[in-house]
2 protein chains.
Amino acid sequence: MTARAAATDVMGPPIGVNQRTQAQRFSAFKDALRERSLKSTSQRDDIARVFFANKRHISVEELYREVKQVNPGVGYATVYRTVRLLRECGLAAERHFHDGEARFENVEHEHHHDHLICERCGRIVEFANEGIERLQEQVAHKLGFVITRHKMEIYGVCPECRSGRVPRTASRRARDSSQT
Amino acid sequence: MTARAAATDVMGPPIGVNQRTQAQRFSAFKDALRERSLKSTSQRDDIARVFFANKRHISVEELYREVKQVNPGVGYATVYRTVRLLRECGLAAERHFHDGEARFENVEHEHHHDHLICERCGRIVEFANEGIERLQEQVAHKLGFVITRHKMEIYGVCPECRSGRVPRTASRRARDSSQT
DNA sequence: GCTATGTTGATAATGATTCTCATTTTCGTA
DNA sequence: TACGAAAATGAGAATCATTATCAACATAGC
């Protein structure tokens with residue numbers, strides 16, 4: 001069950017290798033701005049910093065609220081714009097789970113992964129599984145398709161919710177993910 | 001490569017066994033109305049008939065336009081309401097692919113399946129794969145989750161688009177699916 | 001410091017979907 | 001077959017997440 005034995009390891013290789021620190025991601029962001037001749041502003045910096053400091057899978061509204069505490073003048077539109085920027089820089093990944101609003105994932109490593117979502121408490125757990133990826137390739141190949149990307153979400157009930165003790169309240173914080 | 005050899009058959013069992021005819025689905029719809037003490041109206045009948053006659057994966061707007069040709073008085077809201085009804089009766093399945101609007105799938109059989117979507121022409125192909133399902137179960141189990149449902153979409157380029165000859169124009173008809 | 005150019009915040013606009021409500025239909029019953 | 005309660009309809013308003021608009025305002029290079 002080491003990271004080596006990926007073929008039979010349902011969890012896949014551990015997520016977390018080759019991570020970039022918050023500071024590294026922040027300076028990658030600044031570099032990206034410079035490269036594109038975009039300007040550095042306090043709003044952008046604050047939004048990016050809050051985003052990088054936050055845990056995974058944050059919605060725009062959540063991010064907006066957190067940024068407000070640091071820099072109350074920031075507008076909604078600017079959060080949207082900056083989040084789009086982060087996406088374009090490869091520092092954020094957009095996800096659409098089954099509840100309307102988009103969530104942005106903090107990209108701190110390069111590993112592809114999918115999601116397991118608790119329908120009770122909203123917790124999001126990430127996983128990677130090479131076997132599934134391989135079968136997807138096979139299916140696509142048989143049908144003559146060349147895969148560009150895929151999306152897989154498993155919905156269910158997490159161990160905490162099943163055991164009766166609700167792990168966190170249904171507040172927006174509850175929707176944050178834990179990492180595998 | 002028979003329907004039996006599901007474990008190694010990437011396509012899974014053929015979709016199409018135990019199908020219901022259009023007429024059967026229509027009368028199932030009427031039955032469902034009666035069961036719920038809902039009333040039969042010409043609008044509902046027309047919308048349902050058009051929906052059942054149409055091929056798989058139609059959007060509300062497409063359905064609205066087709067219904068208009070049969071019964072020009074029907075309003076947008078009624079199409080939404082009826083489609084919701086069909087969903088509740090298990091005769092339509094709602095899908096959200098990566099283009100904003102929801103599509104409704106004509107449920108004519110009971111087999112679970114996933115989707116392969118061409119990013120060029122929008123074609124949607126269905127497939128089923130037991131191996132993937134099994135691995136999903138394993139992953140969820142390892143993480144202590146009990147699965148309630150899942151969603152898997154593979155995006156890529158279909159054989160026709162890759163071969164250069166565009167199979168259909170980019171019209172809304174192009175988004176209709178072919179069956180495997 | 002100055003200026004061209006990019007950025008911001010407030011708000012209007014958008015697109016998909018749902019709600020509201022006055023009017024019309026349906027259907028069990030008399 | 002006509003009645004009337006209850007449900008359904010259509011038109012448009014409302015909603016929700018997101019994007020566009022635009023005048024006022026910063027930023028970065030000179």
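No experiment lies behind these values; they were computed from the predicted model shown.
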Base, sugar-phosphate, or nothing for A:Arg81, non-hydrogen atoms under 4.0 angstrom? base
Starting at atom CG of B:Asn71, determine the distance to atom P of D:dT9, rounded to an integer number of angstrom. 11 Å
Once side chain to side chain contact (heavy atoms under 4.5 Å, CB included) is applied, do any residues pair with A:Thr78, and if so which ones, sequence neighbours excluded? A:Gln43, A:Ile47, A:Val74, A:Arg81, A:Thr82
Rounded off to whole Å, could you give me the NZ-to-P distance for the A:Lys68 and C:dT8 pair? 14 Å
Heavy-atom donor-acceptor pair, B:Lys39 side-chain to D:dA6 base, under 3.5 Å: yes
For C:dT18, take OP1 and OP2 only and decide whether either is under 4.0 Å from a side-chain N or O of B:Tyr80. no
Using the closest heavy atom to pick a nucleotide of DNA chain C for each, name whichever of A:Thr41 or B:Phe104 lands nearer the 5' end. A:Thr41
Distance only, no hydrogens: is a donor on one side chain within 3.5 Å (strictly under) of an acceptor on the other, for A:Glu105 and A:His113? yes
From CZ of B:Arg84 across to P of C:dA16 the rounded distance in Å is 18 Å
Side-chain N,O (A:Gln43) to OP1/OP2 (C:dG9) below 4.0 Å: yes
Between P on D:dA13 and OH on B:Tyr76, what's the gap in Å once rounded to a whole number? 17 Å
Rounded interatomic separation in angstrom, taking CG from A:Leu85 and P from C:dT8: 9 Å
Which residue lies more 5' along DNA chain C, comparing B:Glu94 with A:Tyr64 via nearest heavy atoms: A:Tyr64
Can you confirm if the aromatic rings of A:Phe104 and A:His57 lie within a centre distance of less than 6.0 Å? no
Whole-Å distance between D:dA26 P and A:Leu33 CG? 19 Å
Within the 4.0 Å heavy-atom criterion, would you say B:Ser40 contacts the bases, only the backbone, or no part of the nucleic acid? sugar-phosphate
Between D:dG10, C:dA10, D:dA8, which nucleotide gets closest to the side-chain atoms of B:Leu38? D:dA8
Atom CZ of A:Arg36 and atom C1' of C:dT5: how far apart are they, to the nearest Å? 18 Å
Any side-chain heavy-atom pair from A:Asp46 and A:Arg49 closer than 4.5 angstrom? yes
B:Glu101 atom CD is separated from D:dT18 atom P, nearest whole Å, by 17 Å
Taking B:Asn106 for the side chain and B:Ala92 for the main chain, is one N or O donor matched with an acceptor at less than 3.5 Å? no
